[in-house]
Amino acid sequence: PEFATPETSTVFDAKLAAWCLNPDSHDTATLTSVEDLYVSGPNTAPLSACIVEQFKNDLRRCEQIAVVLNEQLSSTDLFEPYCSVELPTSILLSVMEVRGVEFRADNLSSERQALVETLASIEKRSIELAGESFNVASPEQCGTILFERLELPGGKKTAGGGRFSSGEEELRRLSTLHPLPMLLLDHRRLSKLLSMLDSLAAHAAGPDGQGQMLNPIWLQLGTGTGRLSCSEPNLQNLHKAPVIVSDHLQLSTRQGIQPRLAGWSIVSLDFCQLELRVLAHLCQDSHLISLLGFDDAFLHIAGKFFGRSPQQVTPKQRATAKTCSYAVIYGSGIQLIAKQLDISINEASQAKQKFESTFPGIGAWKASSLVDARLHGCVRTLCGRLRRIDKINSRDVRERAEAERKAINACVQGSAADLTKLSMIGVDKMISEVVESRPKLILQVHDELVYEVKNDQIAKFAAHAAKIMCHCYQELSVPLQVS
């Protein structure tokens, strides 16, 4: 079905405007809280939904809120990103919610059964290794088995001395000493996957018990960076790449998604290393920019990092370069790098330092960005969206470090979110002008857009859409790639 959408010039979204002014605020969940924050202070009379005698008063209050928020958007240079990026995105998301996604759980029934059997096999093997029966899904019982029954070293009890810790970091540490911890990690990973599949099946249970339309809630105001999120259910968990269940089984969670009409297909358009390309544009490091023209950018980044030709780069070296790249983007600390690469803290520190010396423009940009953040108390994305960095000048070392991580992450990930939204808007406009059958946007998974497209229009649509995505931001000095 087609849905009529209003022109953005006829709409004002107070909650969206308040979020643009402060995306980390928790005081803009309702229209009344927006009014309290920006207009009149606490008001005892909540906004009425449809009560006739209060309708005129509510309209006057809404008008007052709109006037104040418009003034603040203009005074903070946020009116343009609000009008050009966020409001059109909001309208697209509302159409996506109503349109929904066709999901058939029966397409995953055999994979689900194999997953259940794999979990049962892991449980049986875990009990054999432990030498006694225990609940593999219980962190408390796992800790008791590992540190009391098996007497593995280094057991630490949780706050209050209640039970032994058996978190991921602890299990990874112990995995070099005994095979059981790795089995427990696999069990937890696959249990989450099974829970996700069952949640999707429950949401999609139709009259035939097999499948129907999923109508998730798309959350535009849920993150400080501007990334879109999804709930009830979270369809962004349906990753494009298959999930490895065992040596003999991979599970593609997207098999359940189906086009709702015969003769149509699901088409995915995915940015390649979008955040890395945004980082290269922001830092203008000539070495990094030159390596982004290759198909496998991380392979060539690793070659530069380790002083080897791309053909000589090992998978571990490529993983190290990729982890260090994203450590910059997300502001990850040395501890997280060490954990992800399974290396020592000292090795992780050396890897990070070497990466920054290999690409010196990154460090110079970070330093300059943090100076601006300390001076202005905020950072901005490529499209001008603002994120306040309240504790950037804190005397508390931990608070200041977290604020610095937040500032860098907001610049890179927030700008990537801008480009994805611009792509959604641009492709939607192209669809109305170029493609006769009107492809339907059904999913947005961070850097990826997923559409339903009529089979005889796929080539035409994909070519036009990829071109729009690659040129969604004309001022970008690094070429974007879409697969």
* To do: Can you see which heavy atom on Ser423 is nearest to which on Phe271, and at what distance?
  => OG-CZ, 3.3 Å
* Atom CD in Glu128, atom CG in Leu180: separation rounded to 0.5 Å? -> 11.5 Å
* Please work out which of the three classes, parallel, tilted or perpendicular, describes the rings of His281 and Tyr473, given edges at 30° and 60°. => perpendicular
* Mind listing the closest non-hydrogen atom pair of Val450 and Ile266 along with its distance? => CG1-CG2, 3.5 Å
* Measure up the Tyr330 and Tyr326 rings against each other and bin them: parallel (under 30°), tilted (30 to 60°), perpendicular (over 60°). => parallel
* Evaluation steps, salt bridge (Lys or Arg N to Asp or Glu O under 4.0 Å), between Arg104 and Asp106 -> CA-CA 5 Å; Arg104 298 204 56 95; Asp106 56 327; 3.4 Å; yes
* Asked: To the nearest 0.5 Å, what is the distance between CG (Leu341) and OG1 (Thr320)?
  -> 4.5 Å
* State, yes or no, whether a side-chain contact exists between Leu449 and Met469 at a heavy-atom distance under 4.5 Å. => yes
* Asked: Step by step, would you call Glu168 with Lys192 a salt bridge (Lys or Arg N to Asp or Glu O under 4.0 Å)?
  -> CA-CA 14 Å; Glu168 181 182 350; Lys192 288 180 181 178; over 6 Å; no
* Please determine if Arg172 and Glu169 form a salt bridge, counting it only when a charged side-chain N lies under 4.0 Å from a carboxylate O. => no
* To do: Scan Thr225, Thr381, Thr89 and name whichever one has a side-chain hydrogen bond (donor to acceptor under 3.5 Å, both in side chains) with Asp418.
  => Thr381
* 4.5 Å side-chain heavy-atom contact, Pro216 and His203 -> no
* To do: Assess whether side chain to side chain donor-acceptor pair (under 3.5 Å) is satisfied between Asp270 and Ser483, documenting all intermediate values.
  => CA-CA 5 Å; Asp270 195 3; Ser483 63; 4.8 Å; no
* To do: State whether Glu86 and Arg385 are salt-bridged, where the test is any N-O pair (Lys NZ or Arg NE/NH1/NH2 against Asp/Glu carboxylate O) under 4.0 Å.
  => yes
* Asked: Between Glu275 and Arg227, is the closest basic N to carboxylate O distance under 4.0 Å?
  -> yes
* To do: Could you tell me the separation between the CD atom of Gln444 and the CD atom of Gln220, rounded to the nearest 0.5 Å?
  => 10.5 Å
* Asked: Partners of Gln250 by side-chain hydrogen bond (donor to acceptor under 3.5 Å, both in side chains), sequence neighbours excluded?
  -> none
* Asked: Salt bridge check: are Glu402 and Lys391 linked by an N-O gap of less than 4.0 Å?
  -> no
* Structure fact -> For Phe461, the ring pair (Phe, Tyr, Trp, His ring centres under 6.0 Å) test, sequence neighbours excluded, returns Tyr451
